[in-house]
Amino acid sequence: MALDQHKKPCPGGYQIQAADVMAYGTLGATVLWDGTLAAITAGHVVDSVGAPVFQPSWHGKRRDEVHIIGPVSGKSRYFTYSNVLEYGVRLEDMLYDFAWMAPVAGATTAAIPGIHDGADPLAPLETRSPKDGEPVRWLGKKTGTVQHGKVVDTDHWVFRGNDQLGFTSLGPCLRIEGGTGLDGDSGAAIVSQDDSRVIGVHVFAEKSNRYTVASKIPPTPQDLIQHSTQVVDEDVYLARLAKWRNSRP
């Protein structure tokens, strides 16, 4: 499925690009989130609050080949550490890698091809907290096909990055086994097969594709502003440090 083409109104799963960001991401879904109509994606896909998000991209397109999804209405705090020792000094995790836009009228549709389609008109999917063991599906713009997996951990922690770009600490987040993912799939909506609720957004797939990491969705837009990070105890850090070092090649 070609998901990098212009599509208006835009379903979930299609390519988006934020202003002044060179990388592409995926529009996850247009959902009803705590009573708010929101077009959601991963926080690292977009830039600052207020910046427009384009579909499919902001450059190299004629006017009739691009449209604005909407401005970034809110996003999680994003910061990096130079190394794991700096993390040990600050001891702060990102709780979410999440962003949302208030969609411009006619810019999006609630559909996600192969996951939420066929109804006319489509009602927006709703969001909820994830559950251990539940089967899920997602559609990313780069992979281009619906992926299937199972949530195996709703309290996962990941410390990821490199010496050049820095490291991020995210958790508690979702670990999903099954399915696959590629760069560009970030932001894809993680949809429960049990009740078709959206429980997270795709962040990255581990290099060997043994598992996928997804961000949880904040309970409310206000939580995204006020509670997007948390400080961890030193004992938790030491246990994580030992586990992280043992997991590195």
Side-chain angles (χ1 to χ4, degrees), residues 23 25 33-34 40-49 72 74-100 127-134 136 149-178 181 183 185-188 190 198-249:
W33 174 42
D34 190 45
I40 62 173
T41 188
H44 71 269
V45 168
V46 305
D47 192 15
S48 56
V49 171
V72 178
K75 63 169 291 186
S76 51
R77 281 185 58 203
Y78 188 86
F79 51 86
T80 61
Y81 296 104
S82 57
N83 51 52
V84 72
L85 297 179
E86 184 185 352
Y87 171 58
V89 174
R90 186 169 169 182
L91 292 177
E92 188 174 14
D93 292 339
M94 297 187 303
L95 286 174
Y96 310 106
D97 188 343
F98 178 84
W100 70 284
T127 63
R128 66 161 170 80
S129 299
K131 302 174 184 176
D132 281 316
E134 68 179 312
V136 294
K150 182 174 77 170
V151 177
V152 297
D153 189 359
T154 59
D155 196 28
H156 189 60
W157 172 79
V158 61
F159 191 75
R160 179 175 182 258
N162 57 55
D163 293 333
Q164 287 73 42
L165 298 177
F167 294 84
T168 57
S169 175
L170 176 66
C173 55
L174 308 181
R175 176 170 170 148
I176 301 168
E177 293 187 355
D183 290 344
D185 290 341
S186 295
I190 308 298
V198 180
I199 63 167
V201 293
H202 185 285
V203 175
F204 72 92
E206 190 266 344
K207 284 185 178 179
S208 65
N209 273 310
R210 291 185 297 113
Y211 62 88
T212 292
V213 170
S215 170
K216 295 180 181 181
I217 297 174
T220 70
Q222 198 64 26
D223 281 290
L224 185 63
I225 298 170
Q226 297 182 346
H227 307 295
S228 64
T229 68
Q230 71 176 0
V231 176
V232 299
D233 293 334
E234 186 174 358
D235 289 346
V236 173
Y237 162 71
L238 292 174
R240 287 176 171 178
L241 178 61
K243 184 176 181 180
W244 179 76
R245 284 177 168 166
N246 290 334
S247 67
R248 289 173 66 79

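FYI, side chains are in, hydrogens and waters are out, and symmetry mates aren't considered; it's all heavy atoms of this structure.
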What distance separates [X] [atom1] from [Y] [atom2], expressed to the nearest 0.5 Å?
X	Y	atom1	atom2	value
Y81	L91	OH	CG	7.5 Å
F167	L85	CZ	CG	10.5 Å
D97	F204	CG	CZ	10.0 Å

Worksheet item: W157 vs F159 aromatic rings, parallel, tilted or perpendicular, using cut-offs 30° and 60°?
Response: parallel

Practice prompt. Let me see the working for E206 and E177 under side-chain contact (heavy atoms from CB on, under 4.5 Å), right down to the final yes or no.
Written response: CA-CA 10 Å; E206 190 266 344; E177 293 187 355; over 6 Å; no

Worksheet item: Knowing that exactly one of P172, S169, C173 qualifies, which makes a side chain to side chain contact (heavy atoms under 4.5 Å, CB included) with V158?
Response: C173

Discussion item. By the definition side chain to side chain contact (heavy atoms under 4.5 Å, CB included), identify the one residue from D223, I40, I190, L224 that meets it with I217.
Written reply: I40

How far apart are the closest heavy atoms of [X] and [Y], and which atoms are they?
X	Y	answer
D153	D155	OD1-N, 2.8 Å
H44	S186	NE2-OG, 3.0 Å
H156	V213	CD2-CG2, 4.1 Å
H202	A205	CE1-N, 3.9 Å
Y96	P219	OH-CD, 3.6 Å
S48	V72	O-CB, 3.6 Å

Taking the side chain as every heavy atom from C-beta outward, state whether [X] and [Y] have any pair of such atoms under 4.5 Å apart.
X	Y	answer
V203	R160	no
W33	W100	yes
N83	E86	yes
K131	T154	no

Item to complete: Check whether any side-chain N or O of K75 sits under 3.5 Å from a backbone N or O of D47 as a donor-acceptor pair, and report yes or no.
Response: yes

Discussion item. Given 3.5 Å as the limit, does a donor-acceptor pair link the side chain of T80 with the main chain of G166, or not?
Written reply: no

Worksheet entry | Pairwise side chain to side chain donor-acceptor pair (under 3.5 Å) hits with a residue in residues 224-239, at least two apart | E92-T229

Worksheet item: Do other residues, nucleotides or ligands put more than 12 heavy atoms under 6.0 Å from the CG atom of D183?
Response: no

Fill in: Residues in salt bridge (charged side-chain N to carboxylate O under 4.0 Å, His left out) contact with D93, at least two apart in sequence or another chain
R240

